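Quantities reported herein were computed from a predicted structural model and do not represent experimental measurements. Below, chain A is the first sequence line, B the second, and so on; all start at residue 1.
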Amino acid sequence: MAEGEKKRPINRLKTMYPLRALVDGMYERAVEAGQEGKPVAWCMVNWWGGDAILRAMEVAAVYPEDYGAVCAAFGAAPAYLAQADSDGFPSHMCGYARNCLGYAARMKELGAIPPEAPMGGMPKPTLLLSSGYFCDTRYKWFQALGRYLDAPVWVLEMPHPGVKESRLEGVREHNIKFLVAELREFIAFLEWLLDRKMDWDKLAEIIDDTIEMNRVWYEVNELRKARPCPMHSRDFWSSMPASLYMAADPKVTTGLYRQMYEEVKSMVANHRGAIGEEKYRLAFAELPPWHSLKFFDQLAERGWNFVIESWAYHPPKPIDLSQVSDPLERVANLTYQYFSGYFEDAYNTGDWWGYFAHPYLELVQEYQCDGIVLHPLLTCRTATNHLMVVQDQLMSKLKVPSLVIEGDIVDLNLFDPAEALRKAETFEETMSHYRQVRKEAGMAW
Amino acid sequence: MVMSEMETGLDRARAIYQDRTRRARELKAEGKQVIGYFDIYPVLEMLTALDLVPYRILGDMNEPITKADACLPTVVCPFIRSVMDLGLKGRYDFLDGVVMAHGCEVAEKTAHIWRTYLNPAYAHFIDTPHTTHTAALEQHKELLKDFKKTLEAFAGKELTLEKLRQAIEVHNEQRLLVRELYDLRKPDPPLISGTETLQVLVALASLPVTEGNELLRQVIRQAHERRDGPRIQPARLLLWGSIIDNTAIIDLIESLGANVVMDDTSLGSRAYFPLVEQTGDPLDGLANRYLVALKSPRTFRETVLTKTKRKDYLADLENRFSYLKDYAQEWKVNGVILEVLRYCDIHGYEVPGLKDYLDHIDLPSIYLEHDYSQAALAQLRTRVQAFLEVIG
């Protein structure tokens with residue numbers, strides 16, 4: 001460290017920066033594509049099937065969910081939120097959505113990308129690709145964009161297989177068949193919309209690269225079980241969009257995740273952690289306050305290392321799909337594995353308390369967490385519905401306490417960092433207490 | 001004397017509305033099995049065909065939420081929180097089982113939370129798709145086959161095609177009778193008030209379908225015969241929005257010089273108007289009715305495009321909301337109240353677009369948001385008053 005340079009509370013991974021740049025570059029690439037008259041899609045996270053199809057059809061994609069986080073981080077969100085509010089969208093609705101609706105309203109008003117838009121903005125879309133998994137907002141938001149945009153909306157349907165009924169005979173088969181049929185209908189729609197044909201060989205290659213990208217990314221996160229944990233949640237959040245949103249060629253992304261794997265592996269070998277002294281290991285649920293990420297630096301200074309996050313932002317547990325010959329069926333199985341792979345234990349134990357909540361039991365044990373920070377989002381039902389159940393079950397089954405800090409992913413006004421820090425200070429005693437309780441109960445951590 | 005023999009017509013509907021579990025408990029004492037359900041997506045015909053009594057799980061605006069905080073956060077639908085709270089307090093302990101469907105995201109999560117905390121003897125979740133795609137309709141039929149399997153296992157008997165066809169017939173009969181009930185509000189003055197209509201609807205959701213049909217016949221006959229029905233009012237309103245299962249909001253509106261003559265809510269016309277087509281395989285008709293024919297904001301309707309493959313906003317609104325224009329014409333509506341429960345995303349996203357549409361057809365509207373409590377309704381009084389003055 002150079003003389004006089006202050007040591008940062010979190011040791012950020014060097015390999016995170018190129019991944020983040022890859023994601024950030026997505027906006028510039030899409031704007032260029034739009035300028036060249038190439039098709040552009042605004043997409044919801046769709047768990048890789050839709051992404052691969054768009055890439056194979058040479059449609060540039062941007063992700064307004066990610067752009068919501070970008071606008072929050074750059075301070076551009078308040079004006080867009082205000083615009084959506086004044087247009088009559090209730091203020092309790094998704095911060096990402098209201099940010100995007102406000103952005104689209106402004107773009108319609110100007111007839112161009114708003115000059116203040118961070119990262120160069122999102123270009124006018126040719127189509128909107130929505131998805132129907134675990135969030136009503138994902139398709140209602142894009143439908144509501146019709147006030148400002150003349151782009152057609154396609155909703156990619158998906159089942160919710162993490163529940164008891166998923167274990168009935170034949171359910172997996174008809175769910176996969178459904179996913180594949182949906183992807184085929186989407187391809188047919190795209191071919192009609194764009195007047196071009198799918199390149200099936202290219203699609204197969206992209207799908208295989210996507211499977212490999214997710215496998216490597218999964219292995220990176222497995223390394224975080226080490227003590228001290230070498231990779232903080234902030235690095236996870238910076239790196240996850242490359243997989244979750246398929247921000248670039250998955251072959252390129254895979255290469256960057258491999259570099260990250262090597263860096264993290266080396267840190268584990270050298271017993272180097274993400275923070276100076278790891279006093280407490282924590283999980284985080286669900287999405288963070290993007291506008292106030294420095295809050296985690298303050299916690300790092302107190303010895304809080306965030307070692308794992310919700311499964312929902314992680315890649316699926318790897319499965320062997322090499323015997324599945326149809327590429328659409330391969331990617332459907334990958335998606336289905338994401339939807340169901342984290343609940344195998346729940347299936348086996350008959351613990352039907354909600355597919356969104358159960359994986360925390362497994363993660364908190366595997367990553368040996370002293371506590372969990374629950375971040376109920378005042379504008380997001382998806383990320384909040386299950387948190388009280390998580391709190392209840394982690395305490396009753398694992399004696400792991402929860403710290404509840406209310407806030408929002410986009411709206412800065414709904415988060416109070418000073419109050420949150422006060423709560424955190426008190427929570428340290430609680431974590432220490434339950435560490436002792438677990439020890440007396442013979443638990444592993 | 002059991003409840004069924006005590007009153008008839010509107011008196012009976014009111015009695016059931018005020019004590020809606022009583023008849024279900026009587027049936028239970030007679031040896032019937034009662035199955036609770038959420039929202040309008042569980043396929044009730046399949047319950048009726050197996051001689052199971054469908055019983056709609058509703059909330060209670062008058063009951064403070066004290067137990068649900070432990071398992072549902074405050075920033076989700078207050079109606080669902082109320083439902084969960086009542087469940088935890090034992091209000092629904094007479095149910096033999098529950099069937100839930102993906103009516104909305106919060107209801108879907110609550111289905112699993114209900115199962116965890118209340119451990120019903122029978123529970124089934126139908127993952128109703130979100131679009132009317134061909135693949136979605138096929139998937140929905142598969143889901144109904146799955147439902148049939150678990151239901152037969154629970155009931156210990158086979159759900160035969162003949163029984164299912166008969167159940168479809170008797171449920172369709174109810175739907176046609178509900179249309180007749182709604183026709184009573186077409187004249188001016190209407191022959192039945194909005195409050196009375198809601199009491200009948202809540203009663204229907206609490207009775208076996210055949211008893212509900214008998215109640216409807218009584219009410220319709222009584223409404224035609226009586227002379228003390230509602231009076232003419234300057235405003236004839238359509239109420240659109242989330243669920244309304246308490247008469248307080250309609251009482252409030254009707255007390256201010258309006259007749260609520262039509263609705264589009266999930267306990268009202270939305271739940272009853274579409275019929276099930278009798279198809280060779282009854283599951284085809286049921287799958288179509290519950291996914292395609294039911295008109296609710298939770299189901300995505302395909303975008304209407306121009307010849308140049310761009311979205312035509314007004315045509316798209318027309319495709320989604322033209323049935324409201326039909327309602328307005330048939331029921332001679334001169335104003336619309338858009339009523340949305342706080343934190344109800346699927347209705348919240350509709351509001352600006354629906355207002356655009358209503359403006360386009362020159363129908364005045366007002367947006368009211370509330371948190372499913374009596375106290376909150378009092379604050380709406382001034383806004384409703386002002387709206388009535390504008391359209392009056």
Checklist entry - Does any heavy atom of chain A fall under 4.5 Å from the side chain of B:Asp146, the backbone, both, or neither of them? => result both
Item to check | Residue B:Leu72 versus chain A: region with a heavy atom under 4.5 Å | outcome: both
Next on the checklist: Can a donor-acceptor pair be found, under 3.5 Å and without considering hydrogens, that links the side chain of A:Asn99 to the backbone of A:Tyr80?
Outcome noted: no
Checklist entry - Looking only at atom types and distance, does a side-chain atom of A:Arg98 sit under 3.5 Å from a main-chain N or O of A:Asp85, one as donor and one as acceptor? => result no
Next on the checklist: Donor-acceptor check, side chain of A:His160 to backbone of A:Phe134, threshold 3.5 angstrom: yes or no?
Outcome noted: yes
Next on the checklist: If the threshold is 4.0 Å, N to carboxylate O, is there a salt bridge linking A:Asp150 and A:Lys124?
Outcome noted: yes
Checklist entry - Based on non-hydrogen pairs under 4.5 Å, which of A:Ala144, A:Cys380, A:Ala97, A:Pro90 is most in contact with chain B? => result A:Pro90
Checklist entry - By a 4.5 Å heavy-atom criterion (distance strictly below it), what part of B:Lys355 contacts chain A: side chain, backbone, both, or neither? => result neither
Next on the checklist: Among B:Gly353, B:Cys344, B:Pro129, B:Ala123, which residue has the highest count of heavy-atom pairs closer than 4.5 Å to chain A?
Outcome noted: B:Pro129
Checklist entry - Using non-hydrogen atoms only, which part of B:Cys77 is less than 4.5 Å away from chain A: side chain, backbone, both, or neither? => result neither
Checklist entry - Can you say whether A:Trp141 sits under 4.5 Å from chain B via the side chain, the backbone, both, or neither, judging by heavy atoms? => result both
Checklist entry - Any sub-3.5 Å donor-acceptor pair from B:His124's side-chain atoms to B:Val99's backbone N or O? => result no
Checklist outcome for this item: Most heavy-atom pairs under 4.5 Å with chain B, out of A:Lys140, A:Met158, A:Gln391, A:Glu406, belong to A:Lys140
Checklist entry - Roughly how far apart are A:Phe142 CZ and B:Tyr349 OH, rounded to 0.5 Å? => result 10.5 Å
Checklist outcome for this item: Bottom line for A:Leu387: the part with an atom under 4.5 Å from chain B's heavy atoms is neither
Next on the checklist: Given A:Tyr133, which partner from the list A:Tyr139, A:Phe339, A:Tyr336 fulfils the ring pair (Phe, Tyr, Trp, His ring centres under 6.0 Å) test?
Outcome noted: A:Phe339
Item to check | Leading residue by heavy atom contact count with chain B [cutoff under 4.5 Å; candidates A:Glu182, A:Gln143, A:Met388] | outcome: A:Gln143
Item to check | Contacting moiety of B:Asp312, where chain A heavy atoms sit under 4.5 Å | outcome: neither
Item to check | Basic-acidic side-chain contact under 4.0 Å: B:Glu152, B:Lys148 | outcome: yes
Next on the checklist: Tell me if a side-chain donor or acceptor on B:Asp281 pairs with a main-chain N or O of B:Leu283 at a distance below 3.5 Å.
Outcome noted: yes
Item to check | Heavy-atom proximity to chain A below 4.5 Å, by part of B:Ala70 | outcome: backbone
Next on the checklist: Any donor-acceptor pair under 3.5 Å linking the side-chain atoms of A:Thr379 with those of A:Asp408?
Outcome noted: yes
Item to check | Among the listed options B:Asn119, B:Asp69, B:Ile80, B:Thr303, the residue most often paired with chain A at heavy-atom distances under 4.5 Å | outcome: B:Thr303
Item to check | Choice from B:Lys149, B:Arg320, B:Glu138, B:Arg342 maximising heavy atom contacts with chain A below 4.5 Å | outcome: B:Arg320
Item to check | Part of B:Thr150 lying under 4.5 Å from any heavy atom of chain A | outcome: side chain
Checklist outcome for this item: Whatever's closer than 4.5 Å to a heavy atom in chain A on B:Ala111 counts as neither
Item to check | Under 4.5 Å from a heavy atom of chain A, the part of B:Val351 involved | outcome: side chain
Item to check | OG1-CG distance between A:Thr382 and A:Leu377, expressed to the nearest 0.5 angstrom | outcome: 9.5 Å
Item to check | Side chain, backbone, both or neither of B:Arg298 within contact of chain A (heavy atoms, under 4.5 Å) | outcome: both
Checklist entry - Step by step, would you call A:Leu183 with A:Leu156 a side-chain contact (heavy atoms from CB on, under 4.5 Å)? => result CA-CA 7 Å; A:Leu183 294 172; A:Leu156 208 47; 4.1 Å; yes
Item to check | Donor-acceptor contact present, side-chain B:Ser365 to main-chain B:Val336, <3.5 Å | outcome: no
Item to check | Structural part of B:Tyr367 lying under 4.5 Å from a heavy atom of chain A | outcome: side chain
Checklist outcome for this item: Checked A:Gly88, A:Gly146, A:Ala181 vs chain B; the most non-hydrogen pairs under 4.5 Å come from A:Gly146
Checklist entry - Should the ring pair B:Phe125 and B:His102 be called parallel, tilted or perpendicular, given that the plane angle runs from 0 to 90° and is split at 30 and 60? => result tilted
Item to check | Engaged part of A:Asn385 at the chain B interface, taking heavy atoms whose separation is under 4.5 Å | outcome: both
Checklist entry - For B:Glu369, is it the side chain, the backbone, both, or neither that has a heavy atom closer than 4.5 Å to a heavy atom of chain A? => result side chain
Next on the checklist: For chain B, which candidate among A:Gly132, A:Cys94, A:Pro152, A:Cys135 shows the most heavy-atom pairs at distances under 4.5 Å?
Outcome noted: A:Pro152
Next on the checklist: Heavy-atom pairs under 4.5 Å with chain A - which of B:Glu302, B:Arg301, B:Glu350 has more of them than the others?
Outcome noted: B:Glu350
